[in-house]
Amino acid sequence: MTDTTAFIQNGATVAITANATAPTAVQILPTFTASLPPRNQYRIVNAGTVTLFLGTGPTAAIAATNAAAVTTTGNAIPVVANGVEILTFPPTWFFTATAASAATLYITPGEGL
């Protein structure tokens with residue numbers, strides 16, 4: 001991305017319910033055509049009331065392993081309650097999350113800030 005633009009959706013939003021055990025990781029593929037290349041940014045929304053730990057990776061198994069809650073060090077990305085982040089990942093990545101109690105995570109592929 002060479003300039004700052006508003007986030008533009010480029011695929012369907014996926015909802016994941018995070019809990020103590022990570023649900024099966026999902027691959028969130030952007031929509032693209034010959035004239036619209038795949039985007040590799042994702043809008044991450046934690047609609048829950050607790051911090052969740054986002055696990056990502058090139059396979060579902062790695063994403064699940066990476067979703068472990070961080071206590072001192074770890075591969076999960078914390079997303080605070082009611083937090084919104086825009087993060088960059090490869091367009092074929094897998095996503096899942098854990099949380100101390102049920103929290104809904106929405107992930108939308110696209111591009112922009």
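Start at 1 with the first residue, then count along the sequence. The basis for the numbers below is simple: all heavy atoms, side chains too, and nothing from hydrogens, waters or symmetry mates.
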Open item on the list: So, taking the atom named CD in Gln27 and the one named OG1 in Thr59, what distance separates them when rounded to the nearest 0.5 Å?
Closed with: 10.0 Å
- [ ] With rounding to the nearest 0.5 Å, note down the distance linking CG in Asn82 to OG1 in Thr49.
- [x] 7.5 Å
Task: Side-chain (Glu85) to main-chain (Leu87) donor-acceptor, under 3.5 angstrom - done: no
- [ ] Return the orientation label for the Phe95 and Tyr42 ring planes: parallel under 30°, perpendicular over 60°, tilted otherwise.
- [x] tilted
Task: Closest contact, heavy atoms only, Pro30 versus Pro91 - done: CD-O, 3.3 Å
- [ ] With sequence neighbours excluded, tell me which residues meet side chain to side chain donor-acceptor pair (under 3.5 Å) with Thr96.
- [x] none
Task: pair Asn19-Thr98: side-chain heavy atoms closer than 4.5 Å - done: no
- [ ] Flag the pair Trp93 / Pro58 as yes when at least one side-chain heavy-atom distance between them is below 4.5 Å, and no otherwise.
- [x] yes
Open item on the list: Restricting to non-hydrogen atoms, name the atom on Ala97 and the atom on Leu52 that form the minimum distance, rounded to 0.1 Å.
Closed with: CB-CD1, 4.0 Å
Open item on the list: Can you tell me how far apart CG (Asn46) and CD1 (Ile44) are? Round to the nearest 0.5 Å.
Closed with: 10.5 Å
Task: Whichever hydrophobic residues join Ile86 through chains of side-chain contacts under 4.5 Å - done: Phe7
TODO: Indicate the atoms forming the closest heavy-atom contact of Ala68 with Ala76, along with that distance.
DONE: O-CB, 3.3 Å
Open item on the list: Tell me every residue that passes side chain to side chain donor-acceptor pair (under 3.5 Å) with Thr24, counting only those two or more places apart in sequence or in another chain.
Closed with: none
Task: All side chain to side chain contact (heavy atoms under 4.5 Å, CB included) counterparts of Ser101, not counting sequence neighbours - done: Val50
Show the atom names and distances, to 0.1 Å, of all donor-acceptor pairs under 3.5 Å that link a side chain in residues 60-67 to residues at least two apart or in another chain.
| unit_1 | atom_1 | unit_2 | atom_2 | d |
| --- | --- | --- | --- | --- |
| Thr65 | OG1 | Ala61 | O | 3.1 |
| Asn66 | OD1 | Asn75 | ND2 | 3.3 |
| Asn66 | ND2 | Thr56 | O | 2.8 |
| Asn66 | ND2 | Ile62 | O | 3.4 |

Open item on the list: Nearest 0.5 Å, please: how far is CG in Asn10 from CD in Glu111?
Closed with: 8.5 Å
Open item on the list: So, using side chain to side chain contact (heavy atoms under 4.5 Å, CB included) as the criterion, who are the partners of Val14 when residues are at least two apart?
Closed with: Ile16, Val26, Ile28
Open item on the list: If hydrophobic residues (ILVMFWY) are linked whenever their side-chain heavy atoms come closer than 4.5 Å, directly or via other members, who joins Phe53 in its cluster?
Closed with: Val70
Open item on the list: I'd like to check the side chain to side chain contact (heavy atoms under 4.5 Å, CB included) partners of Thr88; sequence neighbours left out, ordered by chain and number.
Closed with: Asn40, Gln41
Task: Linked, directly or transitively: Val80 and Val84 (ILVMFWY side chains, under 4.5 Å) - done: no
